[in-house]
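As structure tokens, the structure follows; a few thoughts come after it.
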2 protein chains.
Amino acid sequence: MSDSFQRDLLRGSLDLMVLSVLADEPQYGYSIQKQIRDVSQGRVDLKAGTLYPLLHRLESDKLIRSKWDDSTGRRRKWYELTKAGHNRLRSQAREWHSYVECIGQLLTPILPKLPKPA
Amino acid sequence: MSDSFQRDLLRGSLDLMVLSVLADEPQYGYSIQKQIRDVSQGRVDLKAGTLYPLLHRLESDKLIRSKWDDSTGRRRKWYELTKAGHNRLRSQAREWHSYVECIGQLLTPILPKLPKPA
DNA sequence: TCCCATGTGTAGTTCAGCTATACATAGGGC
DNA sequence: GCCCTATGTATAGCTGAACTACACATGGGA
């Protein structure tokens, strides 16, 4: 997940990925990074310089809210979805599916010519 | 297809869309724009200021080649895929499907909660 | 002691899609 | 004749998000 094609793919869907990871329970930055890496089998490995500014942006947009936890040696900033964040997640998920279908329409004639992926 | 979410989605997949439109036969800029608009039911409406620089970039990367047609009153620049362009189309289509599956994994727990789209 | 994983953060670069603008032709309505 | 729209290509400059590179700190294993 390091070439420019996939970097640009991220650009459109990274907000959606992070919001979906936060859908069920609060998480902190590092755990979000790990979960996305695990779910994607290592194909999506967010850099810290990508993730933290993103979280700050989502928070300033009031889609997530944060709370520091200093109870352990490791300071962690926990994030959870706001009401607006849940709404955004739903709408972006719908748009994502709509868009994927769009591209699918264009690729359908190409597909039969594609050799089976390993 | 005008908000910032979809603008960023485009960024990752626009090359793929244009290459796929050119897969079967040569086309010129305006016809590419129309075909993408039609296939997407108007959801993806490329601006001229997006399409033409993109075509120039694809050509400078030698993924497509062009030929002017001045035989009619309307000057048209026809584009067709090069060998490298066909290869790029195949590889990007594979990456696209892989990436879509990735996001799908993350969204799967969300899906049952999504109200049916109209 | 050293190194790595953990944990958060910022400064500056890159680059693609955007807006705005420019130019030109064909054809229909007034 | 004139205007407006669709057609057709093109460039200059703006914006914004993911990137690289760096900074700082703790915990635990070798």
Side-chain angles (χ1 to χ4, degrees), chain A residues 1-19 26-38 42-61 63-64 66-79 92 99, chain B residues 1-19 26-38 42-61 63-64 66-79 92 99:
Chain A
M1 216 24 121
S2 57
D3 67 24
S4 63
F5 177 57
Q6 287 168 324
R7 182 188 315 150
D8 286 337
L9 283 182
L10 262 190
R11 180 150 177 157
S13 49
L14 189 46
D15 286 19
L16 175 59
M17 293 181 74
V18 170
L19 292 175
Q27 298 210 41
Y28 54 95
Y30 199 79
S31 70
I32 295 171
Q33 182 187 22
K34 273 207 311 183
Q35 186 168 336
I36 289 179
R37 189 170 53 232
D38 291 346
R43 286 176 299 183
V44 181
D45 191 6
L46 301 184
K47 316 304 178 199
T50 297
L51 180 59
Y52 293 106
L54 164 68
L55 289 170
H56 301 159
R57 179 168 54 79
L58 291 177
E59 185 168 24
S60 80
D61 289 345
L63 299 173
I64 59 180
S66 66
K67 195 172 52 180
W68 277 106
D69 173 19
D70 297 296
S71 65
T72 66
R74 304 224 186 267
R75 292 179 77 237
R76 288 168 174 165
K77 201 172 181 180
W78 291 81
Y79 291 95
Q92 286 209 352
Y99 190 71
Chain B
M1 236 349 143
S2 56
D3 66 25
S4 63
F5 177 57
Q6 288 168 326
R7 181 190 315 150
D8 287 336
L9 283 182
L10 262 190
R11 181 149 175 158
S13 50
L14 189 45
D15 286 19
L16 175 60
M17 294 181 73
V18 169
L19 291 176
Q27 297 211 41
Y28 54 97
Y30 199 79
S31 70
I32 294 171
Q33 182 186 22
K34 274 206 311 182
Q35 185 169 337
I36 289 179
R37 189 169 55 233
D38 290 348
R43 287 175 297 180
V44 180
D45 191 5
L46 301 185
K47 315 305 179 197
T50 296
L51 180 59
Y52 292 106
L54 164 68
L55 289 170
H56 301 159
R57 180 169 54 80
L58 291 177
E59 185 168 26
S60 79
D61 290 344
L63 299 173
I64 60 178
S66 67
K67 196 172 52 180
W68 277 106
D69 172 20
D70 297 297
S71 65
T72 66
R74 304 224 186 267
R75 291 179 78 236
R76 287 169 175 166
K77 200 173 182 178
W78 291 81
Y79 290 95
Q92 287 209 351
Y99 190 70

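In what follows, every heavy atom counts, from backbone to side chain, and hydrogens, waters and symmetry copies are set aside. Letters A, B, ... mirror the listed sequences (proteins, then strands); counts begin at 1.
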Using atom NZ of K47(B) as one end and atom C1' of dT11(D) as the other, report the distance to the nearest whole Å. 18 Å
Counting distance alone, no hydrogens or angles: does the base of dA16(C) have a donor or acceptor under 3.5 Å from a partner atom on the side chain of R11(B)? yes
Give me the one residue out of R74(A), K77(A), R76(A) that meets side chain to side chain donor-acceptor pair (under 3.5 Å) with Y28(A). R76(A)
Candidate nucleotides dC18(C), dA18(D), dA16(C), ranked by approach to the side chain of L14(A) - the nearest: dA18(D)
Under the rule for side-chain hydrogen bond (donor to acceptor under 3.5 Å, both in side chains), what residues qualify as partners of D38(B), not counting sequence neighbours? none
Value in whole Å for how far the C1' atom of dG8(D) lies from CG of L54(B): 17 Å
Expressed as a whole number of angstroms, how long is the span from Q92(B):CD to dA16(C):P? 12 Å
Take the protein atom CG of L51(B) and the nucleotide atom C1' of dT19(C), then report the distance between them rounded to whole Å. 16 Å
Carboxylate-amine/guanidinium proximity below 4.0 Å for D45(A) and R37(A): yes
Quick check: do L19(A) and I64(A) have side-chain heavy atoms less than 4.5 Å from each other? yes
Nearest heavy-atom pair of Y79(A) and E59(A): which atoms, and what distance? CE2-OE1, 3.9 Å
How close do D70(B) and R75(B) get, counting heavy atoms only, and between which atoms? OD1-NE, 2.8 Å
Rounded to whole Å, CG of D45(A) lies from C1' of dT20(D) at a distance of 14 Å
Expressed as a whole number of angstroms, how long is the span from L46(B):CG to dT19(C):C1'? 15 Å
Please report, rounded to the nearest Å, how far the P atom of dA10(D) is from the CZ atom of R57(B). 15 Å
For nucleotides 3-10 of chain C, read 5' to 3', which letter fits each nucleotide if B means a protein heavy atom sits under 4.0 Å from the base, S means only the sugar-phosphate is that close, and - means neither? --BBSBBB
I want to check something: taking the side chain as every heavy atom from C-beta on, are L14(B) and L46(B) in contact at a cut-off of under 4.5 Å? yes
Does a side-chain heavy-atom distance below 4.5 Å link Y99(A) with L10(B)? yes
Could you give the CE-to-C1' distance, from M17(B) to dG17(C), as a whole number of Å? 13 Å
Axis deviation across the helix from dT1(C)-dA30(D) to dC30(C)-dG1(D), five-pair ends, to the nearest 10°: 10°
Measure the spacing between CG of L54(A) and NZ of K47(A) and express it to the nearest 0.5 Å. 15.0 Å
